[in-house]
Amino acid sequence: MPELPEVETVANGVHERIHGSRVEQAWFGSKPEPFKTPPAEMAAAITGATIDRVHRVGKHIVFDLTPAPPASGSLQWIVHLGMTGRLLVSTPDTPVPAHTHALLTLDSGRELRFVDARRFGRLALQRTAFTGPGAEPLTISADDFVALFRGRKLAIKSALLNQRLLHGVGNIYADESLFRAGIRPTHIAGRLSRPRLQRLHTELRAVLRNAIALGGSSVSDYVDADGVRGFFQLEHRVYQRGGQPCLVCGTAIRRTVLGGRSTHWCPRCQS
DNA sequence: ATACCGACCTGTCAGC
DNA sequence: TGCTGACAGGTCGGTA
């Protein structure tokens, strides 16, 4: 479900509500799919730990933990929401939703719940500082951004979605940033001129920052840590607007499939 | 190394 | 009303 702005919104919301809390109990469901680390190992490491900070790296939510004594050393809990994952801070009297795969009981009296119907999300322990698979879109320099695509023979949209190049960009913000930069999604990444890539760098960061300010995009079931929807979907100019008139030139927005993902673009504004 | 495709899951919605 | 098929914000592993 979530791309960089949604993950950032969730991570910040969870941080505000639970940082400084101690985990009294950690429960993990038995279905193996959402766990990169075995559930018993995660429960043992997390129980008694203090949550110092919750932040975002790429599309991952990172919990910085201080382990319960006598354990020591660096410990992080990594949550990836996949397509439909939710991380909710609730009171114990709130009914536990279906498809809840993890539930942490905190000393503040609240609970942190990981809910994921489709089970594309992942939970894991990390013992060394997590840096993510690629570069960070909000802080990468224009020069480094341009260099990412040099010599690449795939479509620029596919390159934007490759998390090993740039982590955090998904289908919505790939389409929206390419529209705002006037670049057709099928354009071969390595053939784009430096000025056009610099424009994309500028527009991508702007659209991500704008979306963060609005709490992310709620296309179907995305909600933040309190279960509240975001508002950036009201700002989408091409995403899920196939067949509707372009807001700039009036031409019908096209919907095609690129790399197996639905792709939305204006045939007149994007060359 | 790079690029492409199907698989992984469940829920929802449009169409018949 | 109920069935079927298409589609969904993401990643991963196999193949060329």
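Labels below follow one simple rule: chain letters A, B, ... track the order of the sequence lines, proteins then strands, and each chain is numbered from 1. Values in this document were obtained by computation on a predicted structure and should not be read as measured data.
Phosphate proximity of C:dA6 to A:Arg255: absent, as no side-chain N or O sits under 4.0 Å from OP1 or OP2. Phosphate proximity of C:dA8 to A:Ser262: present, with a side-chain N or O under 4.0 Å from OP1 or OP2. Listed pair A:Gln163 / C:dG10 fails the phosphate criterion, with no side-chain N or O lying under 4.0 Å from OP1 or OP2.
When rounded to the nearest whole Å, the span between CZ of A:Arg56 and C1' of C:dG10 equals 16 Å. For the pair A:Asn171 CG and C:dA8 P, the interatomic distance rounds to 8 Å; values are reported in whole Å. Rounded to an integer number of Å, the gap from A:Arg261 CZ to C:dC12 P is 13 Å. Distance NE2 (A:His60) to C1' (C:dC12): 12 Å, rounded to an integer number of Å. Straight-line distance from the CZ atom of A:Arg150 to the C1' atom of B:dA1: 18 Å, rounded to whole Å. Atom C1' of nucleotide B:dA3 and atom NZ of A:Lys157 are separated by 16 Å, given to the nearest angstrom. Rounded to whole angstrom, the span from the CG atom of A:Leu160 across to the P atom of C:dT11 amounts to 13 Å. Residue A:Lys36 contributes atom NZ, which lies 14 Å from atom C1' of C:dG13 at whole-angstrom precision.
Residue contacts for A:Tyr173: at a heavy-atom cut-off of 4.0 Å it reaches no nucleic acid atom on any strand shown. Heavy atoms of A:Arg164 sit nowhere under 4.0 angstrom from any nucleic acid atom.
Contacts with DNA chain B (heavy atom under 4.0 Å) in residues 122-149 of chain A: none are found.
Under the 4.5 Å side-chain heavy-atom criterion for Ile, Leu, Val, Met, Phe, Trp and Tyr, A:Leu208 and A:Leu234 are members of the same hydrophobic cluster.
Distance noted for atom P between C:dT11 and B:dT12: 23 Å (whole Å). For the P atoms, the distance from C:dA6 to B:dG6 is 14 Å, rounded to whole Å.
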Expected list for residues 242-256 of chain A: side-chain donor-acceptor pairs under 3.5 angstrom, two or more places apart:
{"unit_1": "A:Thr256", "atom_1": "OG1", "unit_2": "A:Trp265", "atom_2": "NE1", "d": "3.0"}

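Going from atom CD of A:Glu176 over to atom CG of A:Asn171 covers 10.5 Å, rounded to the nearest 0.5 Å.
Nucleotide B:dC9: unpaired (no Watson-Crick or G-U wobble partner with both distances less than 3.5 Å).
Taking the six-membered ring for Trp, A:Phe232 and A:Tyr173 have ring centres closer than 6.0 Å.
Ring geometry for A:His19 versus A:His15: interplanar angle under 30°, hence parallel rather than tilted (30 to 60°). Taking the six-membered ring where the residue is Trp, A:Phe28 and A:Phe35 present perpendicular rings, their angle passing 60° and hence far from 30°. A:Phe63 and A:Trp77 have tilted rings, their planes meeting at an angle from 30° to 60° on a 0 to 90° scale.
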>> If you apply the rule ring pair (Phe, Tyr, Trp, His ring centres under 6.0 Å), what do you find for A:His60 with A:Phe130, and how did you get there?
In response: CA-CA 9 Å; A:His60 300 261; A:Phe130 181 73; 4.8 Å; yes

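Under a 4.0 Å N-O distance rule, the pair A:Asp175/A:Arg237 does not qualify as a salt bridge.
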> Once each nucleotide of nucleotides 4-11 of chain B is scored for protein heavy atoms under 4.0 Å, what B/S/- sequence comes out, 5' to 3'?
Replying inline: S---BBBS

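The one candidate from A:Val79, A:Leu112, A:Ile61 that meets the side-chain contact (heavy atoms from CB on, under 4.5 Å) condition with A:Val14 is A:Leu112.
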